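Written below as C-alpha cells is the structure these notes are about.
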Protein chains: 2
Amino acid sequence: MVEEGPVTQGPVTQREFGRLLQGLASEMNLLGHDFAADSGLHATDVQALLAVLRAADPPGITPGGLRAELGLTSGAVTAVLDRLERAGHVHRTRDEADRRQVHVHYHPAATRIAGEWFAPVAECTDRVRAEFAPEQVATVVRFLARMTEELAELRRQRRADRA
Amino acid sequence: MVEEGPVTQGPVTQREFGRLLQGLASEMNLLGHDFAADSGLHATDVQALLAVLRAADPPGITPGGLRAELGLTSGAVTAVLDRLERAGHVHRTRDEADRRQVHVHYHPAATRIAGEWFAPVAECTDRVRAEFAPEQVATVVRFLARMTEELAELRRQRRADRA
DNA sequence: GCCGATCTCTCAATGATTGAGATATTCTCC
DNA sequence: GGAGAATATCTCAATCATTGAGAGATCGGC
C-alpha cells in the first residue's frame, strides 16, 4: 500500500524503466524463437529473415547490412543466407552498379508464411494500440523512434571510440 | 500522401509500428552483443546474465525460469550457467524447501560491471525520457507494460493450444 | 592503370546447442 | 504410509552454428 503512491514521473525509476524495455525485447525474442521452431529454422535465421523482410526491397539489404544489424561475423552471415536460400525463403542478386555487393530479397512465399504466422502478433499490437488515444499512440511512436535512434547513435559512437 | 490508404489506427500503419518495435528490439540485442564482446562472454550468456540481474534476488531465478525466458533447452541453460558461474558472475544455491529447485544469484561484482557498462545506455534512456512530459512518460510505461503482457499472454496461449 | 579499400565468400577449428536419458525430489491418490 | 506420476536439474554424445583468418573479386582515388 505504501509503495503504490506516486503516479506521474517519480514512480518509474530508471531501473524499472530498463526492466520494462528489456522485458519487451525479451518477449519479442521469444516470439522469434517460437517462429523458428515452427518453421524448422534457427533463431538467428529468423532474425535475419525478419531483417530482410523489414528492409526496403527495391534495393534489398546487403549481407554487410545484415552483419551490422545482427551482430554476426561475415562467415556467419554467409551461412545464414545459405540456409535461408536453400530453404527457399530468400535469394541473392548481384548489384550491377557495384558488383562487389549482393542484395538479398525475400520470396513472396516467405512474406506470406511470416505474415500468417505473425498475424496474431499483429492483432496483439492492434489491440494494445486501441487502448490508447491517437495522440498517445503518436507519443509512443515518437518514443520508440527516438529510443532506437539514440541507442543506434550510442553504438555508432562507441564503435568510433574503439578505433 | 496517396498510398497511405489502409490506416488502421492513426497516422502510423500496423506495418510501420511493427518495424519500430522490431528495430528497437534489434538495437537492444546489439547492445547485448557489444557487452558480450567486451566482457569475453557470448551473446546467450549476456542474455542470461541480464535475466538474472533483473530478477528479484531474494528468491533468485531458477534454471527453469531462465529456460522459459531465453527459449533454450535444459542442457543449454546448464551450460550457460556453468560458464557464468565459472566466470564468477553468478552462483547457484539449492532451495531448502523444494530441494529439486536451484536458485541463481548474481555476484555483486557482476552488478557493478554490468552497471558501469550500461551506464551510458541508462543515460540514453534518461535523455529520451526527458524529452517527454511526465504524463507522456506514464503513457509510454503503460504501453510497454501492456505490450509485454499481451505478447506473453499470446505465447502462453499458443503453448496451451499446442498441448 | 595502380594501389589501397571494400564486399563477399571459403574453410578449418572451436564450441554452443540439442535432445534423450539419468538422478533426485516432491506431489497425488489410494 | 507407500507406489507411481510429475517436476527440476544435470549429464553426455552428436550435431551444427559461429568464429576468424584469408582468398577472390571489384571499385575509387591519385
Side-chain angles (χ1 to χ4, degrees), chain A residues 29-30 32-34 36-49 51-52 55 59-87 89-105 159 163, chain B residues 29-30 32-34 36-49 51-52 55 59-87 89-105 159 163:
Chain A
N29 234 349
L30 288 174
H33 273 266
D34 289 351
D38 287 357
S39 311
L41 296 173
H42 296 265
T44 303
D45 302 67
V46 167
Q47 275 193 309
L49 182 57
V52 172
I61 194 170
T62 65
L66 276 175
R67 183 168 126 46
E69 193 143 349
L70 300 183
L72 295 175
T73 57
S74 62
V77 169
T78 300
V80 166
L81 289 178
D82 285 347
R83 291 195 297 268
L84 285 178
E85 199 165 35
R86 203 178 317 126
H89 290 301
V90 306
H91 64 107
R92 295 184 247 212
T93 62
R94 198 158 277 275
D95 189 340
E96 287 306 320
D98 184 346
R99 293 188 54 77
R100 291 170 303 180
Q101 285 195 91
V102 164
H103 294 288
V104 183
H105 312 276
R159 247 195 169 73
Chain B
N29 233 350
L30 288 174
H33 273 265
D34 289 351
D38 287 357
S39 312
L41 296 173
H42 295 265
T44 304
D45 302 66
V46 167
Q47 274 193 309
L49 182 56
V52 171
I61 196 170
T62 66
L66 275 174
R67 184 168 125 45
E69 191 143 352
L70 301 183
L72 295 174
T73 58
S74 63
V77 170
T78 300
V80 167
L81 289 178
D82 285 347
R83 290 195 296 269
L84 284 178
E85 200 166 34
R86 203 177 319 125
H89 291 300
V90 307
H91 64 107
R92 296 184 246 212
T93 62
R94 197 158 280 277
D95 188 338
E96 286 307 319
D98 183 348
R99 294 189 52 76
R100 291 170 302 180
Q101 286 196 91
V102 163
H103 294 287
V104 182
H105 313 274
R159 250 198 165 72

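Computed from a prediction, not measured in an experiment: that's the story for all the values here.
For the residue pair A:A48 and A:V80, the shortest heavy atom distance occurs at CB-CG1, 3.5 Å. Nearest heavy-atom pair, B:R94 versus B:R99, reported as atom, atom and distance to 0.1 Å: NH1-O, 2.6 Å.
Computed from coordinates, the A:H103 NE2 to C:dC9 C1' distance equals 17 Å when rounded to whole Å. Here the P atom of nucleotide C:dA24 and the CZ atom of B:R92 are 17 Å apart, to the nearest Å. A straight line from CG of A:D95 to P of D:dG28 spans 11 Å, rounded to a whole angstrom. Straight-line distance from the NE2 atom of B:H42 to the P atom of C:dG15: 8 Å, rounded to whole Å. When rounded to the nearest whole Å, the span between CG of A:L41 and P of D:dC16 equals 14 Å. Atom CD in A:Q101 sits about 14 Å away from atom P in D:dT26, given to the nearest Å. Atom pair B:H33:NE2 and C:dA16:C1' shows a separation of 14 Å (rounding to whole Å applied).
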field: Intermediate values then yes/no, side chain to side chain contact (heavy atoms under 4.5 Å, CB included), B:H89 and B:D45
entry: CA-CA 10 Å; B:H89 291 300; B:D45 302 66; over 6 Å; no
field: Derivation of the side chain to side chain contact (heavy atoms under 4.5 Å, CB included) call for B:Q47 and B:N29
entry: CA-CA 9 Å; B:Q47 274 193 309; B:N29 233 350; 4.2 Å; yes
message: Between A:L72 and A:L66, is the side chain to side chain contact (heavy atoms under 4.5 Å, CB included) condition met? List the steps.
response: CA-CA 8 Å; A:L72 295 175; A:L66 276 175; over 6 Å; no
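The listed nucleotides are D:dT19, C:dT25, C:dT8; the one nearest the side chain of B:R99 is C:dT25. Out of C:dT8, D:dC27, D:dC10, the shortest distance to the side chain of A:T62 is found at C:dT8. Of all nucleotides listed (C:dT18, C:dA20, C:dT8), C:dT18 comes nearest to the side chain of B:T73.
Checked by distance alone, A:R100 brings a side-chain donor or acceptor within 3.5 Å of a matching partner on the base of C:dT6.
Judged by closest nucleotide on DNA chain D, B:V102 is the one of A:A76 and B:V102 placed further toward the 5' end.
Put simply, A:R94 has no side-chain N or O that comes within less than 4.0 Å of OP1 or OP2 on D:dA25. For B:T44, a side-chain nitrogen or oxygen approaches OP1 or OP2 of C:dT17 to under 4.0 Å.
The shortest distance between side-chain heavy atoms of B:L49 and B:L84 falls below 4.5 Å. Looking only at side-chain heavy atoms (C-beta outward), B:V104 and B:P63 come within less than 4.5 Å of each other. A:T62 places a side-chain heavy atom less than 4.5 Å from the side chain of A:H103.
At distances below 3.5 Å, not a single donor-acceptor pair connects side-chain atoms of A:R67 with backbone N or O atoms of A:S74.
Within residues 78-87 of chain B, the residues approached by DNA chain D to less than 4.0 Å at the level of any non-hydrogen atom are B:T78, in residue-number order. Using a 4.0 Å cut-off on heavy atoms, the residues of residues 64-72 of chain B that approach DNA chain D are B:G64, listed by number.
At a threshold of 4.0 angstrom between heavy atoms, the contacts of A:A97 are confined to the sugar-phosphate backbone, with no base atom among them.
Qualifying ring-ring contact (aromatic ring centres under 6.0 Å, His included) partners for B:H91, counting only residues two or more places apart in sequence or in other chains: B:H105, B:H107.
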